[in-house]
Amino acid sequence: MKNVYILHGCCDQEEFEDTSIASGSNFHWIPWLQKQLIVKGYNCQTPEMPTPYKPSYQTWKRLFEVYLVDEETTLVGHSCGCGFFLRWLSENDININKLVLVAPYLDPEPFNRFGSFLKCTLAPDLMERIKELHIFYSKDEEVTGVKETVKILQDKYSPLQFHEFENHGHFCFGDMGTEEFPELLEIIE
């Protein structure tokens, strides 16, 4: 069975504590995508990471490493979830099938919103350990640091597959107006 792990991004403390807003792993397109993949026979998990407003790499790492990651695994990250996967893969000699980064965020200088959470040296051999690398980016992205992260990744890794959209913002429900994300599902399959 092929594994797909979808990792949410970070948020501010006010959003996290607002009980009228779904938790990160149950928000935006993540539940829709998980259901589509489960129905198609994938083992799809969406771990809920603690304190996404003040993330700790060691805590996220410890929680994520309970999952089996192998050469058939696809990792899908959103925003800071992408940054976590990039750091984790850079620090671990693991081969995977696909890495899909949706509005990737590495907390590049001078932004440094999350301290040491995403600080790492990106592995130069990453493309040798990943069969496919996909980046989803929207031209109307408003989160400061995403455009810079995309540039860093395009300069460092090739070949990567770049999927550019006109009006998906940060790929959140409010930007997209839907929980469905068929373009992402197609890439995973």
Side-chain angles (χ1 to χ4, degrees), residues 5-18 21 23-25 27-30 46-65 67 69 74-94 96 98-127 129-130 133-158 160-165 168-176 184:
Y5 303 118
I6 307 169
L7 192 56
H8 63 81
C10 296
C11 63
D12 61 31
Q13 187 169 357
E14 184 178 309
E15 179 181 319
F16 176 76
E17 293 175 348
D18 186 339
I21 299 174
S23 63
S25 66
F27 204 20
H28 310 303
W29 42 265
I30 294 174
T46 61
E48 184 69 38
M49 295 303 190
T51 59
Y53 58 89
K54 189 178 180 184
S56 160
Y57 178 74
Q58 291 305 318
T59 301
W60 283 37
K61 178 180 185 283
R62 189 171 50 255
L63 290 172
F64 179 69
E65 288 182 342
Y67 298 101
V69 178
T74 295
L75 302 177
V76 180
H78 180 229
S79 194
C80 286
C82 301
F84 172 82
F85 280 146
L86 285 162
R87 179 175 177 181
W88 186 78
L89 287 166
S90 292
E91 293 178 359
N92 294 279
D93 188 23
I94 295 173
I96 64 169
K98 295 179 187 177
L99 177 60
V100 184
L101 308 174
V102 180
Y105 186 79
L106 275 171
D107 207 12
E109 296 295 337
F111 310 113
N112 199 30
R113 291 179 53 207
F114 299 108
S116 65
F117 176 58
L118 300 176
K119 297 299 177 223
C120 70
T121 300
L122 294 173
D125 69 336
L126 193 61
M127 294 306 295
R129 298 186 280 119
I130 298 173
L133 173 59
H134 295 265
I135 295 178
F136 283 72
Y137 175 77
S138 185
K139 289 182 180 180
D140 63 339
E141 172 67 62
E142 292 184 2
V143 173
T144 305
V146 171
K147 181 179 182 178
E148 293 81 357
T149 296
V150 168
K151 175 85 169 100
I152 289 167
L153 296 173
Q154 286 178 314
D155 289 349
K156 185 147 187 93
Y157 299 120
S158 71
L160 61 79
Q161 297 180 52
F162 191 70
H163 309 272
E164 188 171 66
F165 294 79
H168 281 50
H170 196 56
F171 295 87
C172 296
F173 177 79
D175 299 322
M176 297 171 67
L184 180 53

Paired with E141, the side chain to side chain donor-acceptor pair (under 3.5 Å) test is passed by just one of H168, K147, H170, namely H170
For the rings on F85 and F64, is their centre-to-centre separation under 6.0 Å? yes
Checklist entry - Do side-chain atoms of D107 reach the backbone of F114 as a donor and acceptor pair under 3.5 angstrom? => result yes
Distance col, row L153:CG vs E148:CD, nearest 0.5 angstrom, shows 12.0 Å
d(E15 CD, S23 OG) to nearest 0.5 Å is 10.5 Å
CG (L106) and SG (C120) are apart, to the nearest 0.5 Å, by 6.5 Å
Test side-chain contact (heavy atoms from CB on, under 4.5 Å), reference V100, set L75, L133, L184, output is L184
So the salt bridge (Lys or Arg N to Asp or Glu O under 4.0 Å) pairs with at least one residue in residues 49-59 (sequence neighbours excluded) are none
Taken to the nearest 0.5 Å, the spacing of Y57 OH from M49 CE works out to 10.0 Å
**Message:** Would the distance check show the side chain of W60 and the main-chain N or O of P50 forming a donor-acceptor pair, the cut-off being under 3.5 Å?
**Reply:** yes
* Are F165 and F136 near enough that their ring centres are under 6.0 Å apart? -> yes
Quick one: are F173 and D175 in side-chain contact, heavy atoms under 4.5 Å? no
Taken to the nearest 0.5 Å, the spacing of W29 CH2 from F171 CZ works out to 9.0 Å
Here the gap from C80 atom SG to F117 atom CZ, rounded to the nearest 0.5 Å, amounts to 6.0 Å
Please verify the inter-ring angle class for H134 with H163; under 30° counts as parallel, over 60° as perpendicular, anything in between as tilted. parallel
task = Show your working on side chain to side chain contact (heavy atoms under 4.5 Å, CB included) between M127 and K156 and close with a plain yes or no.
result = CA-CA 10 Å; M127 294 306 295; K156 185 147 187 93; over 6 Å; no
